[in-house]
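Report on the structure given below.
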Amino acid sequence: MKRTGQTDPSFSLPALFGRGIDVARDLARDFARDLSRDLSWDAARDDARSGFGQAGAGLGTIGPIRGASAFQSGFEKSIGPAVPGKPPMAVPQKLVTDFRAYSGIRYKDALPPAPEGLVLGRLGALEVRLARTARDVRRAQRLRYKVFYEEMSAVPDGAARLARRDMDSFDAICEHLLVLDHDAGKMVLGRRKPKVVGTYRLLRQEVAQRHGGFYTQGEFDVNGIIAAHPNLRFLELGRSCVLKPYRNKRTVELLWHGVWTYILRNKIDAMFGCASLEGTDPAALALPLSFLHHNALAPEEWRACAVDGRQVSMDRMPKAEINPKAALQALPPLIKGYLRLGGFVGDGAVVDHQFGTTDVLIILPVSVISPRYVEHFGPTANRHAI
């Protein structure tokens with residue numbers, strides 16, 4: 001796969017046109033296949049869903065995996081209705097949701113607050129803020145494509161290849177955190193357009209409830225931990241990435257400052273989301289997976305399991321055989337960051353072949369966050385305040 005910065009040794013207009021036809025053909029095939037699946041849906045599967053909490057208060061269960069086509073709804077009928085008695089999403093409504101995500105247009109309850117609440121912090125030329133427009137969302141999707149597909153090992157479907165953007169239907173119901181560099185970017189009409197260099201995707205519990213569930217539910221059953229804490233407000237974190245030249249303490253700190261400010265403003269009590277280790281062979285990842293299982297497994301009340309049929313064991317080595325220093329070196333920086341904050345991991349991992357990763361569930365109640373972190377950014381998120 002061609003990586004960022006590489007160029008074709010020769011330019012051929014016929015070849016470029018031919019590639020465009022191939023991509024369009026793949027896109028049409030994916031679209032027809034997914035539409036056929038929806039039209040042939042067996043309604044009896046709705047009865048198999050499970051919610052959390054008391055009857056009448058639960059979300060549906062399984063959302064799509066990251067490998068789903070951009071035209072395959074993030075709110076498939078396998079999710080089940082978010083509201084008891086609500087019929088499964090009709091095909092026209094499904095298509096509207098898919099095209100919202102493709103265009104970057106979001107539902108009203110996923111839109112950010114008034115303009116004065118958009119910017120969450122600044123550090124020199126860098127600024128962290130919420131996406132304001134559909135164009136902002138598309139810029140986040142382009143960054144994700146550059147990192148996940150061009151730099152890393154994810155394999156794009158036809159729609160992603162055509163648009164050069166990483167997208168799924170959850171983009172239409174999420175808020176998108178952006179880190180922008182005001183000293184970089186292109187000049188447009190005499191003004192420099194800030195460059196998007198980092199992003200995070202945020203989904204509040206109340207929004208997920210209205211739209212069919214969380215993305216994480218495609219890999220982990222989080223229903224139990226939500227049911228066990230009915231008075232807490234949950235936030236799903238996902239799609240975190242930073243452009244390679246900006247992967248330093250300065251950018252990551254500002255990104256986390258934005259998350260912390262968002263948590264305080266929205267009175268969030270607990271966060272969760274999937275975090276990835278590179279590679280799809282759990283045996284090759286035995287050291288970091290086993291270290292997490294023996295040293296970071298969530299307490300029972302916070303322990304969520306990988307969904308049936310996708311779970312692979314993390315307990316692959318006896319604790320006595322684990323070299324903690326080597327295990328920590330094998331963990332991605334994001335997971336180590338969560339652990340330093342006080343986070344836990346769920347029970348079991350999930351292999352995501354399309355993204356070329358093995359995923360673990362991170363659970364982080366605000367109440368267990370390390371006091372050092374709170375002191376670093378200030379109890380009111382005033383360290384990089386605007």
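The structure displayed is predicted, hence computed values, not measured ones.
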Salt-bridge test for [X] and [Y]: reply yes if a basic N is under 4.0 Å from a carboxylate O, no otherwise.
X	Y	result
Glu375	Arg372	no
Lys195	Asp183	no
Glu253	Arg383	yes
Arg247	Glu151	yes
Glu206	Arg233	yes

Measure across [X] and [Y] and return the closest heavy-atom pair with its distance rounded to 0.1 Å.
X	Y	value
Phe291	Ile322	N-CD1, 3.8 Å
Ser153	Phe355	OG-O, 3.5 Å
Ala227	Pro230	O-CD, 3.4 Å

Would you compute the distance between atom CG of Leu341 and atom NZ of Lys336 and round it to the nearest 0.5 angstrom?
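Nearest 0.5 Å value for the CG-NZ distance: 14.0 Å.
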
Are a donor atom and an acceptor atom from the side chains of Asp315 and Ser313 found within less than 3.5 Å of each other?
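Result is no, nothing qualifies.
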
Give a yes-or-no answer on whether the side chains of Asp352 and Thr357 include a donor-acceptor pair shorter than 3.5 Å.
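No, because no side-chain N or O of Asp352 sits under 3.5 Å from a partner of the opposite role on Thr357.
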
Determine, step by step, whether His229 and Asp269 satisfy the side chain to side chain donor-acceptor pair (under 3.5 Å) criterion, reporting the C-alpha distance in whole Å, the side-chain angles of both residues, the deciding distance to 0.1 Å, and the verdict.
CA-CA 10 Å; His229 304 89; Asp269 300 300; over 6 Å; no

Polar side-chain atom of [X] near backbone of [Y] as donor-acceptor pair, under 3.5 Å:
X	Y	value
Glu219	Val360	no
Gln141	Arg165	no
Gln311	Asp308	no
Ser290	Met317	yes
Thr280	Gly356	no
Gln354	Val155	yes

Would the number of heavy atoms belonging to other residues, nucleotides or ligands and lying under 6.0 Å from NZ of Lys244 be above 12?
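No, the 6.0 Å shell around NZ holds no more than 12 heavy atoms from other groups.
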
With salt bridge (Lys or Arg N to Asp or Glu O under 4.0 Å) as the test, pick out the partner of Asp166 among Lys146, Arg201, Arg144.
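Per the salt bridge (Lys or Arg N to Asp or Glu O under 4.0 Å) rule, the option paired with Asp166 is Arg144, out of Lys146, Arg201, Arg144.
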
For the residue pair His384 and His257, categorise the inter-ring angle as parallel (less than 30°), tilted (30 to 60°) or perpendicular (more than 60°).
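Correct class here is perpendicular.
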
Name the orientation class of the two ring planes belonging to Tyr149 and Tyr145 (parallel below 30°, tilted from 30 to 60°, perpendicular beyond 60°).
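Judged by the thresholds at 30° and 60°, the geometry between Tyr149 and Tyr145 is parallel.
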
One pair to check against salt bridge (charged side-chain N to carboxylate O under 4.0 Å, His left out): Asp136 and Arg129. What are the steps and the verdict?
CA-CA 10 Å; Asp136 283 341; Arg129 68 168 173 84; 3.1 Å; yes

Are Tyr262 and Trp256 an aromatic pair, judged by ring center distance below 6.0 Å?
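They do not qualify: ring centres at least 6.0 Å apart.
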
